[in-house]
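We use all heavy atoms of the structure for the numbers below, so side chains are in, but hydrogens, waters and symmetry mates are not. So you know, we letter chains A, B, ... as the sequences are listed, proteins then strands, and number each from 1. As the structure is a prediction and not an experimental result, all values here were calculated from the model.
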Amino acid sequence: MAKVVILGAGISGHVAASHLRRKLGKEHKVVVVSPNGNYQWVPSNIWVGIGRMKPKDLLFPLAPLYKKKGIGFIRGKAVTFHPEGDTENSSPYVNIEYVLGEDKGKREKVTYDYLINATGPRLAFNLTEGLLPATNKAYSVCTYDHAEHAWKGLQELIVSMKKGQKVKILIGTGHAKATCQGAAFEYILNVEQELRRHKVRDMAEITWIANEHKLGDFGMDGMLLTYGSNIMKSNEMVEMIFEDRGIKWILGAGVHKIEDGVAHYENLEGEYKSEDYDFAMLIPAFTGHGFKAYNKDNDDITEKLFKGFMIVDADYTAKPYEQWSVQDWPETYQNPSYANIFAPGIAFAPPHAISKPRVSKNGTAISPSPPRTGMPSGITAKLVADNIIDLIQGKSKELHHKGSMGNMGAACIASAGYGMTSGSGVSITTYPIVPDFKKYPDTHGRKLGKTFGEIGLAGHWLKLALHYAFLYKAKMKPFWWLIPE
Amino acid sequence: MVRRISKYKKFVMGNPVIQFFKFLWLSLKILIIVAGGHGGTRKVS
């Protein structure tokens, strides 16, 4: 009998848990530890932030599903890692702290044979002074409750615009090293469309602010893509969309301080500037959770497991941008020190960024961190689950299931406005996610044709179809496993 | 110089009939790219 413990019940953790449960016999235990009681389909938070969806439309409680499927569920958060056990017990374990009910605050050792760390990122609002969701007129759409606050703020703004007040809206990244530009890109286009729907578009000045060097970088170093019969750069495509929507942009901006209605930033020229706003949505920096790890003698071995996020089979040797390679990126997401620990999704420490690092004239690093969206999170979680299943069933001691972001395609279906006939979407696919400059030297590291962009109503329908399909899959309804990650 | 979206392009982007076929084509194309497999990068066959 084997026990697999999964930390986190987001896209990555839930995908791993559901595949493990489906493929492993009932004699094996699958246990999920998560402080959150709900599963949420994060990509649809954007629509909660414009009031076109309610949180209930994109979440469901995990406890009843896990009970029905035979997956153990602990409402708690991981505190410390003990991969060698301790002096009392040699079984590896994770110290968890209950977050709910009578046991709230109580700690417990959860032992495991295999551990999947799918804890995702910590939303590090504290790294930008004054940046807190729904404070200083600045909002976030990173979670459904943040998005709900954002909608409340936007709603009040629309009311004041209807009364004749001119406003400034600022949307983008709230830290010099933030990632997830895609979510901010979706939100700015959705907000712009909603203002047109409410017939107040002419009352608002909308500005994009980001740590990107060029528009359309998305933390992926931009891309060369096919658009219809044209070949264009992603920055040209996004410029075209912003120009069409009357959206201004500020680039190379490292936001470092937020005051009531004022965002202070440093740009790549080393200038310190500020931008006024009446409503802002700024994505914070993402960091690891600051977990600690100890060996059996209780010595601190955190550096064996964590480098901010969890250390996996990546090449972490520091090297300049010109020497970065797809081979640096992990394939199995297995910790090199402890073979029974894995970290798929956003929980693994990337070897380096994907976008070229840039530093301001004052020496401040201002460039996007590498994104890891829902799709690669799902794919990497499934391959980790498949490798663990093989190990448990004794099929192999080698890890046969591999999936490097340098040999994986990704689709980003960015909503550009909600509505069955008036909606729009910007569909972009990239192959591979991490550019392979050796394989595709003339097309900025990516395969043309498989890297393409498309704009139109079909993109909105597609994003909506994915919303329902992935919630169906997450609820583990009949034949859910036929829907690919 | 920034490219512009022409009036004809805008018509195509918003026309439900054209977009229905685009939806089918997009779904298929994305499925092929995304579900078309993935693998490692370190062992070159």
Side-chain angles (χ1 to χ4, degrees), chain A residues 228 230 232 236-237 239-244 313 315 325-332 375-376 379-380 383 401-411 413 420-425 427 429-432 434 436 439 447 449-452 454-462 465-466 484-485, chain B:
Chain A
N230 300 317
M232 62 162 68
E236 293 172 329
M237 190 183 199
E239 276 173 19
M240 183 174 81
I241 296 166
F242 279 6
E243 187 74 21
D244 185 59
D313 60 320
D315 181 353
S325 136
V326 280
Q327 280 80 30
D328 301 338
W329 286 78
E331 296 179 329
T332 62
M375 217 197 61
I379 291 174
T380 54
L383 74 89
H401 300 275
K402 293 180 179 177
S404 163
M405 280 169 61
N407 187 4
M408 185 190 292
I413 315 298
M420 281 312 284
T421 53
S422 59
S424 183
S427 313
T429 64
T430 53
Y431 183 87
V434 176
D436 188 337
K439 217 168 178 180
K447 189 176 170 66
K450 279 189 168 184
T451 303
F452 75 95
E454 196 60 56
I455 311 168
L457 181 57
H460 172 69
W461 292 342
L462 196 57
L466 292 176
E485 270 48 56
Chain B
M1 201 181 84
V2 177
R3 293 184 194 223
R4 305 262 171 175
I5 302 175
S6 66
K7 276 189 179 172
Y8 172 70
K9 276 272 183 197
K10 274 192 187 172
F11 165 75
V12 171
M13 284 173 190
N15 184 291
V17 179
I18 298 169
Q19 290 297 311
F20 174 72
F21 291 102
K22 204 106 186 178
F23 171 75
L24 298 178
W25 173 81
L26 260 179
S27 307
L28 199 66
K29 188 161 182 182
I30 288 171
L31 192 71
I32 290 167
I33 293 169
V34 170
H38 50 265
T41 54
R42 291 173 196 157
K43 280 184 188 169
V44 180
S45 58

May I ask you to test the I30(B)-L462(A) pair for a side-chain heavy-atom distance under 4.5 Å?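 Heavy-atom side-chain distance check passes, below 4.5 Å.
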Do P16(B) and W461(A) touch side chain to side chain, with heavy atoms closer than 4.5 Å? yes
Scan residues 7-28 of chain B for pairs that pass salt bridge (charged side-chain N to carboxylate O under 4.0 Å, His left out), counting only residues two or more places apart or in two chains.
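Output for this query lists D244(A)-K10(B), E454(A)-K22(B).
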So CE of M405(A) and OG1 of T41(B): to nearest 0.5 Å the spacing works out to 12.0 Å
Output for pair (I5(B) CD1, I241(A) CD1), nearest 0.5 Å, gives 6.0 Å
- Task: Check whether F21(B) gets within reach of chain A through its side chain, its backbone, both or neither, counting any heavy atom under 4.5 Å.
- Result: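 Nothing of F21(B), per the 4.5 Å heavy-atom cut-off to chain A.
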If one checks every heavy atom of L31(B) against chain A at 4.5 Å, the contacting part turns out to be side chain
| said: Suppose we screen for side-chain hydrogen bond (donor to acceptor under 3.5 Å, both in side chains). Which residues come up paired with D313(A), at least two apart in sequence or across chains? | reply: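 Partners of D313(A) under the side-chain hydrogen bond (donor to acceptor under 3.5 Å, both in side chains) test: T332(A).
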Scored by heavy-atom pairs under 4.5 Å with chain B, the best of M232(A), H401(A), M237(A) is M232(A)
- [ ] Just give me the residue among G425(A), A410(A), P432(A), S404(A) that pairs up with chain B most often, heavy atom to heavy atom, under 4.5 Å.
- [x]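 Max contact count across the listed options: S404(A).
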Side chain, backbone, both or neither: which part of [X] has an atom under 4.5 Å from a heavy atom of chain B?
X: M408(A); value: both
X: S424(A); value: neither
X: F242(A); value: neither
X: I413(A); value: side chain

[X] side chain vs [Y] backbone, donor-acceptor pair below 3.5 Å:
X: K29(B); Y: G449(A); result: yes
X: N407(A); Y: H38(B); result: no
X: E243(A); Y: R4(B); result: no

